[in-house]
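Every number for a ligand or one of its atoms is a count from 1 in the order of the listing.
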Amino acid sequence: MIDPFGRHISYLRVSVTDRCDFRCVYCMSEHMTFLPKAELLTLEELERLCGAFIAKGVERLRVTGGEPLVRRNVMSFFERMGSKIGHGLKELTLTTNGSQLSRFARELHAAGVRRINVSLDTLDRAKFRQITRWGELNKVLAGIDAALEAGLAVKINTVALKSVNEDEIVDLMTWAHGRKMDFTLIETMPMGEIDGDRVEQYLPLSLVRARLEERFTLTDSGYRTGGPARYVTVAETGGRLGFITPLTHNFCESCNRVRLTCTGQLFMCLGQNDEADLRAPLRASSDDTLLNAAIEAAIARKPKGHDFVIDRRHRAPAVARHMSLTGG
Ligand code: SAM
Ligand code: SF4
């Protein structure tokens, strides 16, 4: 699949649920309304949809959410998708808050998952509560241990939050690198209504990088995982540090991905509202002709780039939907 700007679409992120056992302050409001369960695609329907994308050239599949590991029977989905590795699919990955990893790490590895991203914004128990509202740090740390023991490569993703965890970034990085985990910082993105104020939370990574450079030697690295992160190596820790900067740096020109929601909507860009309905063509027939045509029409509409701006005057999100619908 090649889009109108010549970008090869080889990466699908699939959000298997919009639900979550946390309520992170930058992601959700405390009293989120979730989709009625009846609107969700079944796991079998999600498998068929992902299968159609793999047949069309998708080589990497990332399972996300909401919290993917809270969806009932989600391991059967991992097993089915894992069976496609080596048959078109090159990699099956997961983005998780880590709360259920103690239970599922071994099964994920057995299904063929080799790399996972765990979102973790602080190592302080009270602050963790404050950021996730409902999460327990100990469970996540135990989950990370279980993942490493199971042989999964773990990357820690941290959203940089002004006055919340900016003083902890060095500790998080040295902790992650000390355990042979990559560490990536993400800027907050203006998506979905939340209870707090995003402008107050926004911390530009250019500033974080400049501060880190006062203490560490950062060398640009050509390392890529097929995602939007740009990496440096940190001489003092020997580890890799990534930056995802949708607001201060344009990452659109090399965008290779589309995002599928748990109701079968396809978003061609994280920072745009345009979506294509794949559920109707999926359900219209057991044959994939209509579905394939709908996928092709959607890819032909992939926009050149996002419109993220922090709207300082109105303080409104640039994109109304929550990150939990498309999974980041
Ligand atoms: N629940 C899983 C997790 O937290 O990893 C997967 C879904 S979560 C929506 C995916 C990623 O998006 C997480 O790393 C989270 O920190 C990030 N995220 C959520 N809302 C965001 C926002 N408004 N700006 C930047 N990153 C955000
Ligand atoms: Fe849940 Fe992930 Fe959103 Fe936090 S960032 S509320 S863990 S979906």
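- Under 3.5 Å, the side chains of Asp124 and Thr122 contain no donor-acceptor pair of N or O atoms.
- At least one N, O or S atom of Cys27, from either the backbone or the side chain, sits less than 2.8 Å from atom 3 (Fe) of ligand 2.
- Atom CZ of Arg106 is surrounded by 12 or fewer heavy atoms from other residues, nucleotides or ligands within 6.0 Å.
- Remark: minimum distance from atom 6 (C) of ligand 1 to any protein heavy atom is reached at Gly66 O, 3.3 Å.
- In this model, a donor atom of one side chain and an acceptor atom of the other lie less than 3.5 Å apart for Tyr26 and Asp121.
- Interface of Phe22 with ligand 2, defined as ligand atoms under 4.0 Å from a residue heavy atom, comprises 6 (S), 7 (S).
- The protein non-hydrogen atom at the shortest distance from atom 15 (C) of ligand 1 is Tyr26 CE1, 4.0 Å.
- At least one N, O or S atom of Cys24 sits under 2.8 Å from atom 4 (Fe) of ligand 2.
- Heavy-atom proximity to Asn97, at under 4.0 Å, picks out these atoms of ligand 1: 2 (C), 3 (C), 4 (O), 5 (O).
- For atom 11 (C) of ligand 1, the closest non-hydrogen atom on the protein side is Ser119 OG, 4.3 Å.
- In this comparison of Ser99, Gly135, Ser15, Gly66, the heavy atom closest to atom 8 (S) of ligand 2 sits on Gly66.
- Contacts with ligand 1 closer than 4.0 Å are made by backbone heavy atoms (N, CA, C, O) of Thr96 only, the side chain lying farther away.
- Remark: minimum distance from atom 23 (N) of ligand 1 to any protein heavy atom is reached at Met189 O, 2.9 Å.
- The nearest heavy-atom contact from the protein to atom 1 (Fe) of ligand 2 is Cys20 SG, 2.3 Å.
- Comparing Pro68, Ser99, Gly65 by heavy-atom distance to atom 7 (C) of ligand 1, the nearest is Gly65.
- With 3.5 Å as the limit, one finds a donor-acceptor pair spanning the side chains of Thr96 and Glu67.
- Under the 3.5 Å distance criterion, with hydrogens and angles disregarded, no donor-acceptor pair is assigned to the side chains of Arg279 and Thr263.
- Ligand 1 has a nitrogen or oxygen under 3.5 angstrom from a nitrogen or oxygen of Glu67.
- Applying the 4.0 Å criterion to heavy atoms of Cys27 picks out, from ligand 1, the atoms 19 (C), 20 (N).
- Scanning the protein heavy atoms around atom 10 (C) of ligand 1, the nearest turns out to be Gly327 O, 3.6 Å.
- The protein atom (non-hydrogen) at minimum distance from atom 26 (N) of ligand 1 is Met323 CE, 3.6 Å.
- Contact annotation: for His322 versus ligand 1, there are no heavy atoms closer than 4.0 Å.
- Contact annotation: the side chain of Val154 never approaches that of Arg179 to less than 4.5 Å [non-hydrogen atoms, C-beta and beyond].
- At a threshold of 4.5 Å between non-hydrogen side-chain atoms, the residues Glu253 and Phe5 do not count as touching.
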